[in-house]
Amino acid sequence: PQAGEANTLSADDEQERLLNAAALEALRMDIPQEEAVRQAWLNMRFHDMDRTLVRATVESVYAENAVLRAADRTHPLSEMTMQLQALMEARYDLRFNELANSVEWRENNSASFVFQPLDNRVMNTMTQACHEAGLEVFDRDMKRYLSSTRIRSYNAARAYLRQIGERWDGQTDYIGALADRVPCSNKHWREWFHTWFLGMVAQWEGWNTVHANSVVPLLIGQQGCGKSTFGQVLLPPELREVGYRELVDFSSKLEAERLLTSALLINLDEFNQVSERVQQGFLKNLIQKASVKGRRPYSSATVTMRRYASFIATSNMSDVLSDPTGSRRFIVADIRDGQRIDLSGPFHYPQLYAQALAELNSGRRPYFTPEEVAEVEAQNNRFAQLRPEVLRFLSVYELATERDARTRALKVSEMVAEVRRRTGIIFSDKAFNYLGHWLSTEARKEHVRKSMHNGCPVYLVRTIEEQNP
């Protein structure tokens, strides 16, 4: 070439010259051809080059300089693995959906931005595409690749929270405005709902892996007042389909626990139909779980899976809380008769969730203090469902906190004997134990005075005078 000719090379020619030099250097370093192609695609110097041209250039350099390659330097299996990955990345956009616990796909250079679940039919089609490209790939190779960490992870909640960025103005209380859409008599509703909402977002972000967001807003109101719909619209449209679930069937405990790891918000719809046994047993434990131990699909190993879900509940009836120790987990919004929840838009979702993130990052707590828990319990007394043994007890005794001429400190057994004498009802061991548990809970709420006498708890009560027949 004449002097100065190199300076007249076009940008495209210079780019191709650099790619040739890079490919030759990769060959000398014994880097497999497919890996060299992949690295060239990722290099910013060549990002605007046609991918087909990049591949052709690298293949040409490797073919023309085959003498530089040592025989069998690359294991055939390694070469096939890299070729498989290169082909899959060139043709498909793949991601592992953490909530759905499955791989999703869409074609590259497609007009559709929607990801679809990857089922066996799609996987077989991908395997056939590899065969057509000359790759000797078996089903087990494809399954191994699709089940590996080479597929990027995707979390819909995390992606949404990152997307909204810092959109809160630092002043407008969007969370409080959302709470105000529910017309109720609970004077603490706005404040308590705010704390719960922060707890829901903190649950998605994994701020506390030891304790879960174990408080549940309970909407009580007439049918058709918008309770269930309010649960749905708490999530933005982008998260509603993947993240909102209703749980009304507790017969499958495994399925209920699975929802903790795959849903963002679970609505306990028709909560008044949940039996006392389920409330005090499985549901109480489910709400408190911070993680779930189990097996992932197609796996034999037991793993600990992160919980993402928070709970909300709805009921048409007011006497729904049957667990004397579990009422502190519910913040009740009793919707006034004849009124409806305001479901008219807009809901300002980006600002709503940006406010939650900003407040969490500034140190606002997403949990309830012991003092607030005590207030929640006191507020929930009128929504408690009294069992027959308690009703019979209250037909004979009144609870007392201060001594007077009519009060006596009695053991549970003494009071049960008097109830039996008056009503003829015989308490089973289960009923006897429940009554003692209920009295202990009432004492903790300071509704009755409790003390110890000869190592046994006694409770201060007044006997209701018998009515003459």
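From a predicted model like this one, the values you see are computed outputs, not experimental measurements.
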Checking the side chain of [X] only, and the main-chain atoms of [Y] only, is there a donor and an acceptor separated by less than 3.5 Å?
X	Y	result
Ser440	His437	no
Asn124	Asn120	yes
Glu389	Phe432	no
Asn108	Glu89	yes
Arg95	Glu104	no

Would Ser262 and Arg258 satisfy side chain to side chain donor-acceptor pair (under 3.5 Å), going step by step from the backbone distance to the final call? CA-CA 6 Å; Ser262 61; Arg258 187 190 66 79; 3.3 Å; yes
Quick one, [X] and [Y] - any side-chain contact, counting heavy atoms below 4.5 Å?
X	Y	result
Val416	Leu435	yes
Phe115	Asp93	yes
Val215	Val376	no
Thr229	Ile341	no
Lys143	Met123	yes
Met88	Met142	yes
Met305	Ser291	no
Lys227	Asn316	yes

Can you tell me if [X] has over 12 outside heavy atoms packed within less than 6.0 Å of its [atom1]?
X	atom1	result
Glu398	CD	yes
Tyr154	OH	yes
Arg420	CZ	no
Arg408	CZ	no
Asp48	CG	yes
Arg45	CZ	no
Lys289	NZ	yes
His211	NE2	no

Between Phe330 and Phe271 (judged by ring centroids, cut-off 6.0 Å), do the two rings come close enough to count as a pair?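 Phe330 vs Phe271: aromatic centres under 6.0 Å.
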Taking only residues two or more places apart in sequence, or in another chain, which ones meet Arg150 in a side chain to side chain donor-acceptor pair (under 3.5 Å)?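 Partners of Arg150 under the side chain to side chain donor-acceptor pair (under 3.5 Å) test: Gln85.
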Once you measure the plane-to-plane angle for Trp192 and His188, does it fall in the parallel (<30°), tilted (30-60°) or perpendicular (>60°) bin?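 Parallel.
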Return the minimal non-hydrogen interatomic distance between [X] and [Y], and the atom names on each side.
X	Y	answer
Ala443	Tyr459	CB-CE2, 4.3 Å
Ala202	Leu360	N-CD1, 3.9 Å
Asn213	Ser310	ND2-OG, 2.9 Å
Pro183	Gln339	CB-OE1, 3.5 Å
Ile335	Cys225	CD1-SG, 3.7 Å
Ala313	Val216	N-CG1, 3.8 Å

Taking the six-membered ring of Phe138, is the NZ or CZ of Arg140 close enough (under 6.0 Å from the centre) and on axis enough (within 45°)?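 Yes, Arg140 lies over the aromatic ring of Phe138.
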Side chain to side chain contact (heavy atoms under 4.5 Å, CB included) between Lys411 and His453, worked out: CA-CA 9 Å; Lys411 294 186 292 187; His453 179 70; 6.0 Å; no
Verify salt bridge (charged side-chain N to carboxylate O under 4.0 Å, His left out) between Glu98 and Arg306, making sure each step is shown before the conclusion. CA-CA 10 Å; Glu98 293 180 355; Arg306 231 190 82 190; 5.9 Å; no
For Arg162, what residues pass the salt bridge (Lys or Arg N to Asp or Glu O under 4.0 Å) criterion, not counting sequence neighbours?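 Arg162: salt bridge (Lys or Arg N to Asp or Glu O under 4.0 Å) contacts with Glu205.
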Phe230: which residues meet the ring pair (Phe, Tyr, Trp, His ring centres under 6.0 Å) condition with it, sequence neighbours left out?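 Ring pair (Phe, Tyr, Trp, His ring centres under 6.0 Å) list for Phe230, sorted by chain: empty.
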Distance check, rounded to the nearest 0.5 Å: [X] atom [atom1] versus [Y] atom [atom2]?
X	Y	atom1	atom2	result
Leu161	Leu357	CG	CG	5.0 Å
Leu399	Leu439	CG	CG	6.5 Å
Ser214	Lys284	OG	NZ	11.5 Å
Leu198	Thr195	CG	OG1	6.5 Å
Asn155	Asn97	CG	CG	7.5 Å
Tyr92	Leu118	OH	CG	9.5 Å

Show your working on side chain to side chain donor-acceptor pair (under 3.5 Å) between Thr314 and Asp269 and close with a plain yes or no. CA-CA 5 Å; Thr314 65; Asp269 207 17; 2.5 Å; yes
Report the C-alpha distance between Glu107 and Arg91 in whole Å, list the side-chain angles of each, state the deciding distance to 0.1 Å, and finish with yes or no for salt bridge (charged side-chain N to carboxylate O under 4.0 Å, His left out). CA-CA 6 Å; Glu107 289 191 23; Arg91 297 193 179 187; over 6 Å; no
How far apart are the C-alpha atoms of Val292 and Thr304, what are their side-chain angles, what is the distance that settles it, and do they pass the side chain to side chain contact (heavy atoms under 4.5 Å, CB included) test? CA-CA 6 Å; Val292 177; Thr304 299; over 6 Å; no
Considering only NZ, NE, NH1 and NH2 on the basic side and carboxylate oxygens on the acidic side, decide whether Glu34 and Arg38 come within less than 4.0 Å.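 No, this pair does not count.
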Evaluate the side chain to side chain contact (heavy atoms under 4.5 Å, CB included) criterion for residues Val233 and Arg181: first the C-alpha distance (whole Å), next the side-chain angles of each, then the deciding distance (0.1 Å), finally the verdict. CA-CA 12 Å; Val233 300; Arg181 290 173 177 265; over 6 Å; no
Going by the side-chain contact (heavy atoms from CB on, under 4.5 Å) test, name the single residue among His194, His348, Gln171 that passes it with Gln355.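 For Gln355, the side-chain contact (heavy atoms from CB on, under 4.5 Å) check succeeds only for His194.
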Applying side chain to side chain contact (heavy atoms under 4.5 Å, CB included) to Leu286 and Glu257, what does each step give before you reach the verdict? CA-CA 7 Å; Leu286 186 72; Glu257 288 185 342; 3.9 Å; yes
If the test is ring pair (Phe, Tyr, Trp, His ring centres under 6.0 Å), which one of Tyr174, Phe347, Trp204 qualifies with Tyr353?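 Result: among Tyr174, Phe347, Trp204, Trp204 is the only option passing the ring pair (Phe, Tyr, Trp, His ring centres under 6.0 Å) with Tyr353.
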